[in-house]
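Okay, structure first, notes after.
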Amino acid sequence: RGGDAAVKQKTTSSNKNVADSINDALDSLQKIMIRPFQVVGQHIPSSLLNKKKDDPSSASAKDEEQILRSTKILSVIAPESDLLPPDVITQSATDAELVGGTLNPEALELTAIAINRWYADNGYVLNSVTGATLIPFATDNDDGNDESNTEGRVELKVKEVKLAKTSQNSSFPVKLRLVQRVDNDSDTIDQSSLISLPSQSGETPALFKSTSGCTRPKKIARMTKLEPGSHLRILPDRWSRLVAFPGGIFGAGGGRSAIFSNIHAVRPIPEESSQGNTVSVEILATENKPYAALEYGVTKSLYSDKWEGEFDLKHTNAFGGGEVATINVRKGQSNGRKNGRSTEKDESNKWAHRLNDGPLSWRMSVKDSYAGYDLNLFHENVGAGRHRKKHQTTSSKETESDSVYSESGGNPMRVGGTMRLRLPSSMFKANVVSATFERINAQSIASASVGIGPYRFNPIRSLYSSLSASITSGVRTNSDGSAGAGVVPYAAGTLTSHQIMPMKSSPVSLAVRHIASGGTKNLPRHEAISLGLSSKVRGYKYNYRSQTIDSSYIEEEEQQDQGRWQALKKLCSGGNGTNVSPQIATSKALSGTMELRVPFQAALDGGLQSILSGTFLLFGDWSLTQAHTLSSATEKQNRPARLSSAGVGLRKVVQGIPLKVDACVTEHGSKGIFFGIGGQEF
């Protein structure tokens, strides 16, 4: 069968040419990602058009040419392909007028271009159409003389490249070669050991030297889906997450926690295999160093609203796969009380006493963004203990419900761990699930949480909307031997909706957020504080302690606030006006926020343009909350509270840090100016 022999000979030659030129074809992956694969534009020689018939000696070469011109093609298939969908083959051949026409170089070339483009668009950058064979259908009148009504089909021959399989005698098919750039005029380095790679700017090639690192090739293979034995597929969105800086061959960078600062080349290397068309992959990249970083600063505790000094040690490639390991240590202030009395005798060393006696908190975490898990171990302060009124007796109900926070002047410490998993949104409705086991003083708590969303949709044109929710359920136990010891269940949930509506064609937009949250009566206090933080109204100074506070403790706190900066402190904390201090710990809350955002930018040249730019906003906040109180709380303490405020704000990015300033007045008459760090989010 002369046709088959010719095809096989051409296929072998084609594979050899690909093997010889494969490094040159992929030296610059930028050419692959930006433009169609080079084989798409190459012409397929007419010698690849071959005819196949049951009897090889029944027709001469002239008869074969006549059959090619007269045979009507009814279908086109690719029996050797594991990837090509039949619809893609049929559509490509139909558009090229191969189906319904005859097998000719022009129609076959157009069909090959369309199929090769599909290969390149889907990441199969080395796959291509290499030839075609015509198979006429046998007819009852097939005597070799009547060829005007001959029909047949075309079988495409394709080359589909796979990664080599691992075995005891072969190494892993994905190899990582780490390099570091060197100066061209360096005389201390052996020039023969240097590697010349194309520079990103397109200028003269840069010189690199091989170096060592901690990144694991097997983890890189899992991140990019380069599994041994699978089809070689390179998708830019999988690789761009590995690169720290934008502008490289894979587009946008993945941020500071990315593994590489740059990927210079991905080179397939042909491997000898009985299956044929197998390669291994060599990645030339520069690691994103330094991995370790030490940061420090001052922050405010979420649970006590007190200032804390903070040290943060981070390693962004802890186990060779982009895992971010963090150790965070915080030192806070004490509440200035010991056994119900103030321990401060000297005003000059007040802060020293508070810092020495303050709680020490720490947190260790490992976050793997690629595998989708977070592991946290913590030992942290969850706020000042409860302070009872003078001559107040503790009821059995109070002991049962909140014995963990009943130590006067104490600093309850939360000790435990959390495991969080991020699930693929295409497979599950829940995006995040987590489990937490913790202990606070004499109380043990186990809980599980599910995060859903955000789900984004556009009910009206140009209206951006999103919806998210979280549900937490758990049990808490008391092990202090009290009469109320036992196991009690609890649950909490939050529903959040966002809407952003542009004001026609102007850059001005209206942003609205609503939050509904609630929990059961046995909700732990630190969980109730988390609910209250999501429903805060700007302008109020929130009370982070219980409602039943010792009156003498309030007097001591007021005396400590005396000073020449008293007026400024009250203004910046919302202290002017009626003294309303709502509870931060809530059991039920319904809140809303509305912001009218007006971006502005000065029409100036030079550096003043970036300085005189930002976003001005008008906002209004409101909430209806019910405080998280003791079981023995009075009806007045359990009464829902209404809070609202209105004001103006400014959002601006300075040296990459998003800053925000808000000035507002509440319905109770308090005024304040508030500073913070954050972007356009509420």
Problem - Among R216, K314, K367, salt bridge (Lys or Arg N to Asp or Glu O under 4.0 Å) partner for E323 - result: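 Looking at R216, K314, K367, the match for E323 under the salt bridge (Lys or Arg N to Asp or Glu O under 4.0 Å) is R216.
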Has the side chain of [X] got a donor or acceptor atom that lies under 3.5 Å from a matching backbone atom of [Y]?
X: R651; Y: P658; answer: no
X: Y119; Y: L83; answer: no
X: T496; Y: S468; answer: no
X: T278; Y: E271; answer: yes
X: S240; Y: D237; answer: yes
X: E287; Y: C214; answer: yes
X: T286; Y: V179; answer: yes
X: N104; Y: L108; answer: no
X: N458; Y: L463; answer: yes
X: T94; Y: V99; answer: no

Can you tell me how far [atom2] of [Y] sits from [atom1] of [X], rounded to the nearest 0.5 angstrom?
X: I113; Y: D95; atom1: CD1; atom2: CG; value: 12.5 Å
X: L207; Y: Q180; atom1: CG; atom2: CD; value: 13.0 Å
X: K162; Y: S230; atom1: NZ; atom2: OG; value: 9.0 Å
X: N122; Y: I234; atom1: CG; atom2: CD1; value: 13.5 Å
X: R181; Y: I195; atom1: CZ; atom2: CD1; value: 13.5 Å
X: I515; Y: T494; atom1: CD1; atom2: OG1; value: 7.5 Å

Please check if atom [atom1] in [X] has more than 12 non-hydrogen atoms from other residues, nucleotides or ligands closer than 6.0 Å.
X: K225; atom1: NZ; value: no
X: M501; atom1: CE; value: no
X: K219; atom1: NZ; value: yes
X: E227; atom1: CD; value: yes
X: M419; atom1: CE; value: yes

Search all heavy atoms of [X] against all heavy atoms of [Y] and return the closest pair with its distance.
X: R422; Y: S369; value: NH2-CA, 3.3 Å
X: L110; Y: A96; value: CB-CB, 3.5 Å
X: D368; Y: G321; value: OD1-O, 4.3 Å
X: L156; Y: P79; value: O-CD, 4.0 Å
X: N116; Y: V129; value: OD1-N, 2.9 Å
X: V279; Y: P270; value: CG1-CA, 4.0 Å

Is there a side-chain contact between [X] and [Y] (heavy atoms, below 4.5 Å)?
X: F208; Y: L284; value: no
X: L98; Y: L103; value: yes
X: S365; Y: D374; value: no
X: M503; Y: L510; value: yes
X: I259; Y: T316; value: no
X: N127; Y: I115; value: no
X: S497; Y: L467; value: yes
X: K175; Y: P217; value: no

Handout entry: Salt bridge flag under 4.0 Å for residues R153 and E155
Key =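 Yes, R153 and E155 are salt-bridged.
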Exercise for the section: Any chance you could lay out the side chain to side chain contact (heavy atoms under 4.5 Å, CB included) test for V432 and R420, step after step, and finish with the verdict? Expected result: CA-CA 7 Å; V432 179; R420 181 180 294 106; 3.3 Å; yes
Practice task
Could you check Y455 against N431 for side chain to side chain contact (heavy atoms under 4.5 Å, CB included), going step by step and ending with a plain yes or no?
Solution key: CA-CA 10 Å; Y455 292 108; N431 291 45; 4.1 Å; yes
Practice task
Specify whether W118 and Y124 have parallel, tilted or perpendicular ring planes, treating 30° as the upper limit for parallel and 60° as the lower limit for perpendicular.
Solution key: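 Answer is parallel, since the angle falls under 30°.
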Handout entry: Check against side chain to side chain contact (heavy atoms under 4.5 Å, CB included), F137 and T71
Key = CA-CA 9 Å; F137 296 148; T71 302; over 6 Å; no
Handout entry: Check against side chain to side chain contact (heavy atoms under 4.5 Å, CB included), E160 and N277
Key = CA-CA 7 Å; E160 295 184 345; N277 294 329; over 6 Å; no
Handout entry: Face-on cation placement of K218 at F172 ring, 6.0 Å and 45° thresholds
Key = yes
